[in-house]
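One-based numbering, in listed order, for ligands and for the atoms of each. What you see below is based on every heavy atom in this structure, not just the backbone, and it leaves out hydrogens, waters and symmetry mates. Only a predicted model underlies this, so the values are computations on that prediction, with no experimental measurement involved.
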Amino acid sequence: MKLWLPLLFAVWLSAVSGNNNHRANNNNHHHHHNNSHHHNNRRPNIIFVLADDYGFNDIGYHGSQISTPNLDQLASDGVKLENYYVQPICTPTRSQLMSGRYQIHTGLQHSIIHPEQPNGLPLDSPTMADKMKEAGYATHMVGKWHLGFYKDEYLPWNRGFNTYFGYLGGSEDYYNHTKAYTDHKKYLDLRDQNGPVHNETGHYSTHLFTEKAIDVVQAHDSSEPLFLYLAYQSVHGPLQVPEKYERQYRHIQDDNRRTYAGMVSAMDEGVGNLTQALKDKGLWDNTVLIFSTDNGGQIYEGGNNYPLRGWKASHWEGGLRGVGFVTGGRVPLKGTVNRELIHVSDWFPTLVGLAQGSLNGTKPLDGVDQWDTISQGTPSKRTVLLHNIDPLSRNHGAPLYNDTFDTSKKAAIRVGHMKLITGIPGNGSWVAPPGQTEDVVSDGHVPRHKNVWLFNITADPTEHHDLSDQMPGTVRNLLDILQRFNQTAVPARFPPFDKNSNPALHGGVWGPWE
Ligand SMILES: *[C@@H]1O[C@H](CO)[C@@H](O)[C@H](O)[C@H]1NC(C)=O
Ligand SMILES: *[C@@H]1O[C@H](CO)[C@@H](O)[C@H](O)[C@H]1NC(C)=O
Ligand SMILES: *[C@@H]1O[C@H](CO)[C@@H](O)[C@H](O)[C@H]1NC(C)=O
Ligand SMILES: *[C@@H]1O[C@H](CO)[C@@H](O)[C@H](O)[C@H]1NC(C)=O
Ligand SMILES: *[C@@H]1O[C@H](CO)[C@@H](O)[C@H](O)[C@H]1NC(C)=O
Ligand SMILES: *[C@@H]1O[C@H](CO)[C@@H](O)[C@H](O)[C@H]1NC(C)=O
Ligand SMILES: *[C@@H]1O[C@H](CO)[C@@H](O)[C@H](O)[C@H]1NC(C)=O
Ligand SMILES: *[C@@H]1O[C@H](CO)[C@@H](O)[C@H](O)[C@H]1NC(C)=O
Ligand SMILES: *[C@@H]1O[C@H](CO)[C@@H](O)[C@H](O)[C@H]1NC(C)=O
């Protein structure tokens, strides 16, 4: 404890003063001409591939029963991120990727953006695509947006992307690209910047999005740098895949797991096809490709995060710790594993920095530039990671203290090795893939009103040893840090569903209604 407290104090200081430091960095960014980003003056092509609901135990190199030869090879040729965090659900991760800002600073702390809600990633700060475009990149997006679309201003082609093709919401049918309204009627959710796309029924989205991404690559004018954001629908539910991808998994008895495994294989093939297209076009040597999941796998729809605890939507590691790697010809470290703390909000300053863009005009960022650790293996610039504070979560149990953060609210924070969880974290079972060694421990054993957990994640990444009773001083310190973050939060926006969102009123297609 004697050694720990000063360290905590130091990271606490950096946590509470972080915003100001970032602001200073933003202003000075354009003076840093000769930092490690710029050893090569040719700006790299930047390709960001985001998978949906892709679990920690679902990639070959984590020892999965699912085979992912293309992803494994790409990761082996680059840097595997093994202390990498995303948000527990879809909209939050995408919002932080595009803004570099925590949800407590954008109002998206609670749940996702439902397609019936007049809500979106706030317009008061530029997106990563805005910054890439400003830096002279050709900017393209293919796939799932999920950051709001009730007004034109929120649509991807008004947020920095020159072209767009994909789904504005989530959970569409993979073949006919429809998504249900609250009355369960299904409407098309597929469009590009020119309008709805009606003629792709029957085209499995993993193939469709891969082909559209390849079209972008092939049409690209190589004299400009390229920024391509490919946000697959894969491998989110509904569980659908062409039979040929499922065939190799006949030995998997569980229907959900077998279909999901096939979906992963289709995505793996798609990423392989995209990288081949980049090579054929002669772009690969000057490319940085990031592959990331958006959150932990959903165990009820075939995904798996074992041996991590919990799954999608929870504040356990199974919800938060993500699959991710960085690869491509412009990644200097080949075949390495990075165990430094990196978060999805870090991509904004990291990639805009790599593009030699400017961070002027953004609201204060919560992400930090991690290119040094990715490209040279130096220590992470991040010691504190706010997983989230959800002010609209149901109160759970009694507050531990009355003069600091209220532990009845759902929140989680990481400071150095230590992680504190408060409120309702979500089901905390350890669930192995069906048919494999079972180790399901129901969170029903947790005392009913318990609302504080403390783990040393470095020593105990599977969260078996709650230290909250043994280390009350650390709990108190982390609560105080949460309290300081909470004081910087904006109110959460979660507006009621708007009947005018009904696609029946707009030509039977999901789209803006205001
Ligand atoms: C950056 O490095 C180059 C070559 O080493 C040098 O000519 C140039 O003056 C440096 N620029 C700055 C801003 O330090
Ligand atoms: C799309 O497919 C789903 C089943 O996967 C079906 O319920 C729905 O009616 C179909 N919609 C259209 C427009 O074909
Ligand atoms: C759908 O229409 C677009 C625009 O006319 C065209 O480029 C595309 O090839 C068509 N797709 C199919 C499957 O016919
Ligand atoms: C990848 O390319 C092959 C060869 O063109 C094609 O058969 C396959 O459908 C493609 N896969 C995806 C996911 O796009
Ligand atoms: C930021 O910098 C870019 C390029 O240096 C410039 O074009 C843009 O106007 C600046 N934006 C703001 C908000 O200052
Ligand atoms: C917090 O305040 C409530 C109401 O005043 C009181 O009942 C409770 O004992 C206090 N709890 C602590 C931990 O001080
Ligand atoms: C966060 O701050 C707000 C505003 O001061 C306060 O009402 C709320 O109780 C705090 N939340 C927690 C979980 O302590
Ligand atoms: C948590 O999930 C596991 C796996 O589905 C289940 O067996 C268990 O009953 C759940 N616990 C609670 C309290 O819902
Ligand atoms: C957490 O675990 C790491 C790795 O075992 C260890 O170095 C560190 O001292 C631990 N921290 C605390 C506060 O127990």
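Salt-bridge annotation for K419 and E317: present, with a side-chain N of the basic residue lying under 4.0 Å from a carboxylate O of the acidic one.
A donor and an acceptor atom, one from each side chain of D366 and S345, are nowhere located under 3.5 Å apart. Counting only N and O atoms by type, the side chains of D390 and H110 include a donor and acceptor under 3.5 Å apart. Judged purely by distance below 3.5 Å, without hydrogens or angles, the side chains of S380 and R339 never pair a donor atom with an acceptor atom.
The two residues A51 and F291 come nearest to each other via the heavy atoms CB-CZ, 3.9 Å. Residue R309 comes nearest to T462 through the heavy atom pair CB-O, 3.7 Å, listed as atom of the first residue, atom of the second, then distance.
Considering only non-hydrogen protein atoms, atom 13 (C) of ligand 5 sits nearest to G361 CA, 4.0 Å. Looking only at heavy atoms of the protein, atom 12 (C) of ligand 6 is closest to N402 ND2, 3.5 Å. At the top of the distance list for atom 9 (O) of ligand 7, counting protein heavy atoms only, stands N486 ND2, 4.8 Å. Counting protein heavy atoms only, atom 5 (O) of ligand 5 is closest to S358 CB, 4.5 Å.
Those atoms of ligand 6 that come under 4.0 Å of a heavy atom in L400, given as number and element, are 13 (C). Each of the following atoms of ligand 7 lies closer than 4.0 Å to a heavy atom of K409: 13 (C). For ligand 5, the atoms closer than 4.0 angstrom to any heavy atom of N360 are 1 (C), 2 (O), 3 (C), 8 (C), 10 (C), 11 (N), 12 (C), 14 (O).
Protein non-hydrogen atoms do not reach within 4.0 Å of atom 7 (O) of ligand 6. Distance check on atom 3 (C) of ligand 7: some protein heavy atom falls below the 4.0 Å cut-off.
Of the candidates T404, N395, D406, D406 brings a heavy atom nearest to atom 14 (O) of ligand 7.
Exactly one of H387, H315, H343 qualifies for a ring pair (Phe, Tyr, Trp, His ring centres under 6.0 Å) with Y85. That residue is H387.
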D130 vs R159, test: salt bridge (charged side-chain N to carboxylate O under 4.0 Å, His left out). Steps then yes/no. CA-CA 6 Å; D130 287 322; R159 307 221 64 183; 5.2 Å; no
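Using a non-hydrogen distance threshold of 4.0 Å, D403 does not register as a contact of ligand 6.
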